[in-house]
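Report on the following structure.
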Amino acid sequence: MDKKRVLSLIQPTGEIHLGNYFGAVKNWVNIQEKYDCVFGVADLHAMTMPYDPKLLKSNTERMVIELLACGIDPDKSILFIQSMIPQHTELLWIFNCVTSYGELSRMTQFKDKSDQLEGKSVKNIISAGLFTYPVLQAADILIYNANFVPVGKDQEQHLELTRNIAVRFNKQFGEYFNEPLPLFTEIQKLVSLADPSKKMSKSLGEKHYIGLFEDENKTLKKIRSAVTDTGDTSEKMSPGVENLFNLLKACGKTNEISTLMGDYTSGTLKYKDLKDATAEAVIGLTAPFKKRKQDLLDNKAYVEKIIAEHAEKARTLANKTLEDVKKLVGIYT
Ligand code: TRP
């Protein structure tokens with residue numbers, strides 16, 4: 001087995017949208033042949049910000065189902081739920097003891113999220129869990145001795161911390177972990193349809209994103225009402241129009257793009273045509289995903305079986321690392 005191992009987790013946010021798909025999930029699907037892939041749903045990380053305990057479990061299962069529907073192949077990759085692998089949190093404790101307070105305080109995501117919590121009218125605590133979030137992420141990665149981690153810009157600092165933890169651990173307890181590298185791949189960034197100055201994200205609200213599994217009519221409506229501009233092509237292309245072109249590009253519609261772009265350049269493009277083409281592309285792309293999701297929902301026993309079997313596979317790998325580590329640091333196994 002000489003394939004390099006890739007590891008990545010995604011938080012159970014409730015529903016995969018086009019931003020998640022083109023920014024991460026599509027890439028996961030595509031690298032399954034080339035790498036030994038371990039993917040996971042980070043339900044423990046989801047607990048670090050205010051959340052509804054009644055929804056976490058169903059959102060986690062939903063994420064598993066949607067990942068399978070998008071093409072994560074359980075015969076090729078491991079797909080686990082983080083909370084089912086208690087070894088991660090055991091390793092988290094050990095890593096907490098080789099991570100400095102100072103370096104965690106410098107994590108920009110921690111600062112951003114703390115600011116968000118401080119600004120809330122309903123007071124929420126800034127938890128120790130939020131503070132050690134990146135250490136849990138390091139445990140996720142290192143427990144499988146991953147070679148590569150596909151990361152977006154926002155996670156680069158966490159991966160750097162992971163490497164620091166690996167190096168420090170090795171120095172203190174003996175060479176054990178390798179240093180995981182970022183895996184940069186070509187991804188299509190998408191912005192909000194209703195406010196193109198912001199990244200496409202669920203937290204902005206319904207009209208800002210397109211759910212991969214949402215009803216066709218909803219998608220159509222959102223694209224039709226996407227923010228564009230007044231059509232003055234003497235100006236630079238506006239972010240809203242660019243976003244629609246990017247969406248077409250992400251869907252692989254190169255022919256449509258060259259025609260529409262030609263019209264844009266000559267000043268004859270009707271944005272309605274651009275929107276119709278985009279809606280058609282998105283609906284065409286997502287139709288098979290929706291069908292597969294429905295099949296999975298109709299076969300929950302299969303989904304449960306995959307979840308159980310894959311947790312078992314992940315636990316076997318994780319346990320081996322944890323036992324080695326416990327010996328190295330001098331605690332009972
Ligand atoms: N923090 C990541 C995010 O929110 C999710 C995550 C958790 C992760 N553990 C990981 C990503 C390990 C890569 C590797 O996107």
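Please read all numbers here as calculations on a predicted model, not as lab measurements. Order of appearance sets the numbers: ligands from 1, and atoms from 1 within every ligand.
For atom 9 (N) of ligand 1, the closest heavy atom belonging to the protein is D140 OD2, 2.7 Å. Residue, atom and distance of the protein heavy atom nearest to atom 12 (C) of ligand 1 are Q137 CG, 3.5 Å. The shortest contact between atom 3 (C) of ligand 1 and any protein heavy atom is with Q155 NE2, 3.6 Å.
In this structure, K320 pairs ionically with D324, as a charged nitrogen and a carboxylate oxygen lie closer than 4.0 Å. The pair K305-E309 meets the salt-bridge criterion, with a side-chain N (NZ, NE, NH1 or NH2) lying under 4.0 Å from an Asp/Glu carboxylate O. Salt bridge annotation for E61-K300: present, with a cationic side-chain nitrogen under 4.0 angstrom from a carboxylate oxygen.
Of the candidates L159, L142, L9, I141, it is L9 that places a heavy atom closest to atom 11 (C) of ligand 1.
With ligand atoms numbered from 1 in the order given, ligand 1 contributes 12 (C), 14 (C) to contacts under 4.0 Å with heavy atoms of L7. Taking every non-hydrogen atom of H45 and a distance limit under 4.0 Å, the qualifying atoms of ligand 1 come out as 7 (C), 9 (N). For ligand 1 and V149, the ligand atoms under 4.0 Å from any heavy atom of the residue are 13 (C), 14 (C). Residue-ligand proximity, Q11 to ligand 1, at heavy-atom distances under 4.0 Å covers atoms 4 (O).
Each of F80, W93, F95 was checked for a ring-ring contact (aromatic ring centres under 6.0 Å, His included) with H88, and the lone residue meeting it is F80.
Among pairs with a residue in residues 70-84, those fulfilling side-chain hydrogen bond (donor to acceptor under 3.5 Å, both in side chains) read Q32-S77, E33-K76, D43-S83, H45-Q82, Q82-D140, at least two apart in sequence or across chains.
With F213 as the aromatic partner, K290 does not meet the cation-pi criteria of under 6.0 angstrom to the ring centre and within 45 degrees of the ring axis.
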Exercise. Can Y133 and F110 be said to form a ring-ring contact (aromatic ring centres under 6.0 Å, His included), step by step?
Worked result: CA-CA 8 Å; Y133 173 123; F110 173 68; 9.7 Å; no
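The N/O atoms of Y133, backbone and side chain alike, include one that comes under 3.5 Å of an N/O atom in ligand 1. For a threshold of 3.5 Å applied to N or O pairs, the pair formed by S8 and ligand 1 contains no separation below that value.
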